[in-house]
Every structure is written in C-alpha cells, then in structure tokens.
Amino acid sequence: MPELPEVETTLRGLSPHLQGQRIKQAIIRNANLRWPIPDNLSAMLRKQTIQALNRRAKYLLLECDDGTLILHLGMSGSLRVLPANTPAEKHDHFDLLLENGTLMRLRDPRRFGAVLWHTGDISQHKLFASLGPEPLLEDFDGAYLYRVTRKRSAAIKLVIMDSQVVVGVGNIYASESLFHAGIRPQLPAGKLSLPRCNRLVQTIRETLSASIAQGGSTLRDFTDSNGKPGYFQQTYRVYGRTGEPCRMCETSIKQIVQGQRSTFYCPVCQK
DNA sequence: CGCCAGGCCTGCACGC
DNA sequence: TGCGTGCAGGCCTGGC
C-alpha cells in the first residue's frame, strides 16, 4: 500500500545510493507488471548515468543521460538497495546493477507496479499529461480547490482522489484528511465553501507531511534486506476502524463504499 | 475454500 | 462535441 509518503520516503532513501552512479546492467526476471517492462529496456539502460532522482505523483523518476526510468510501486511494490550478489527471491522482478557494486531491487508480489522508459519531456508522457498539481506544492491551495470543484456534483472524497484534480491522495489519506477537516466524504464537491476548501487543502498537506516525517525515521533501515524499507505502520483516525469509537467523540466509525472502494468516517465529527 | 484489499487505467452507457 | 458521472472490469497475491 505505498501511498505518496511511502514513495517519497523511498525516493529519499534511494537518492544517496543512486545519484550520479552509472548503470552496469538491468535485469528483468518477470516483465509482467501492470504494463510489460519494455523489451529493449536493458539495452537502453546500459552505461546510462543516473543524473537525478525525482517524484511526480506516485511515480519515481530516475533521470538518465538519454531518458527517464519510470518506476511505480503499485499496491505491493518496494525498492531496496542491496549488495550486488544478493540472491533474488520469489517476487524480485527487476534489478538495477550499478558499476559501484550497488543493487537496486524491485520486489512486487502483486505486480501492479510498473517499470517504463521514456525519452524526452516526461510531462508529455501519456501517464503524466493530465496530472493535477502536487499536493505539497504551492499551486495546490484552497482557491484552486474551490475553483475546480464548483461544477462538480461528485462526492468530495472521489474528487480529491481524482489525479486530474490533485495527485497522490490515495484511499487512506483521503479518508484521514476528510476526518481532520470535519468534512463528510459523501458531500458533493461543489457544495464546499471556500473556507472549507482552505481547510481541506491544509489537512491533506498535514496528513501527508506528517507521514513523510514519520517515514524518515525508518530510513536507517533502508538497505536492510529484512526490513520493509520506508514503510511504516501508523495510527489512523478513521481508516480501517469500522465500528471502533471515534477518537474525538467516541461515536462508532462508519464504513461505506464510494467508487468501489471503502471510505471511513465519523458521522458526528464530519458534516 | 472464497473473498477481499488496493492503484489506477480502460471502456461503457448516459445525460447535459 | 465533449465533458462529467457512475459503473464495471482488469491486473495479482497474501491473508483471513
């Protein structure tokens, strides 16, 4: 369940190991991810230097000399840095072996992740062309959210999970942010006032930032082959707490389905 | 054994 | 036309 904070933590953990390093070899053990890993990827990556590592939405971007390696962790993916001779296990589908002996390994049991190669401007890539703003950058603010929700009758929870509105707000943080903002997930987006849009933007930023900060504390384990790099269990306010007492008012937390996924909320604290 | 979770893309039908 | 919306389907495995 990598959400944006896990992806950001992974980025920060990988960067010092990978930045400026030259790729010796890419190994594809199972190309069958969400989309097939391109056939020619190994040839493309050979001798490429990783100039910079970045993140857009939940995609990790390894910017190389001649193009960008796009990585997505899907539901169950994780990336680790390991010694070059570490034996691969069952769900280890992709390796990047660096000339300095470092190995970056993708493990993804459910194979919802992705490994893609793109040359040219990444914003032109099909997957990136219509993405909304990053939730932690300044162009995502209350005025923006107010403007883009005006004519939308869909539930606010679905709208903040719409990657054209804002990226990186997954199912867990959507429920959590709405709880902190005191907004009922079913509320038609167009009915939110400007102050409530301001508040919701604030709580989205805060829940994501707090989680990233917490993830940072696990970074020392990033290269530990036994650990789960950059992943962290948190205490949620509503997510997964169906029937348990609200931490604010003790009312039983409700679970509903929106857009074929579970939503959790407090029927008293959220209006 | 069956069912569910999850990210996120794709396709369909429908109404304005 | 082209969009927003609601729905379903696909991909996959581990855990209950």
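Chain naming here is simple, since letters A, B, ... match the order of the sequence lines and numbering starts at 1 in each.
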Participant: Other hydrophobic cluster members with A:L158, side-chain heavy atoms of Ile/Leu/Val/Met/Phe/Trp/Tyr under 4.5 Å, chained?
Facilitator: none
Participant: Got a sec? Which of residues 139-155 of chain A come in under 4.0 Å of DNA chain B, heavy atoms?
Facilitator: none
Participant: Clusters formed by hydrophobic residues whose side-chain heavy atoms approach within less than 4.5 Å: which one holds A:L194, and what are its other members?
Facilitator: A:Y146
Participant: Is A:L127 isolated, or which residues cluster with it under the ILVMFWY side-chain rule of less than 4.5 Å, directly or via members?
Facilitator: A:W35, A:Y59, A:L61, A:I70, A:L116, A:I122, A:F128, A:L131, A:V167
Participant: Can you name the atoms? Protein N/O to nucleotides 1-3 of chain C N/O, anything below 3.5 Å, with the distance.
Facilitator:
none

Participant: Output the rounded distance in Å from CE (A:M75) to P (B:dC9).
Facilitator: 15 Å
Participant: For A:V166, which residues count as a side chain to side chain contact (heavy atoms under 4.5 Å, CB included) partner, sequence neighbours excluded?
Facilitator: A:P135, A:F140, A:V169
Participant: Enumerate the salt bridge (Lys or Arg N to Asp or Glu O under 4.0 Å) contacts for residues 200-215 of chain A, please, sequence neighbours excluded, ordered by first and then second residue.
Facilitator: none
Participant: Looking at residues at least two apart in the chain, or sitting in another chain, which of them share a salt bridge (Lys or Arg N to Asp or Glu O under 4.0 Å) with A:E63?
Facilitator: none
Participant: Distances under 3.5 Å only, N/O to N/O: pair up the protein atoms with those of nucleotides 9-16 of chain C.
Facilitator:
from	atom 1	to	atom 2	distance (Å)
C:dG10	N2	A:R34	NH2	3.0
C:dC12	OP1	A:R111	NH1	3.3
C:dC12	O4'	A:R110	O	3.3
C:dC12	O3'	A:R111	NH2	3.2
C:dT13	OP1	A:R111	NH2	3.0
C:dT13	O2	A:R110	NE	2.8
C:dT13	O2	A:R110	NH2	3.3
C:dG14	OP1	A:H91	NE2	2.9

Participant: Can you list every pair that meets ring-ring contact (aromatic ring centres under 6.0 Å, His included) and has a residue in residues 82-118 of chain A, with sequence neighbours left out?
Facilitator: A:H118-A:H125
Participant: Summarise protein proximity over nucleotides 10-16 of chain B in one line of letters, 5' to 3': B for base, S for sugar-phosphate only, - for none, counting protein heavy atoms closer than 4.0 Å.
Facilitator: S------
Participant: Applying ring-ring contact (aromatic ring centres under 6.0 Å, His included) as the test, list every pair that has at least one member in residues 250-269 of chain A; sequence neighbours left out.
Facilitator: A:Y239-A:F264
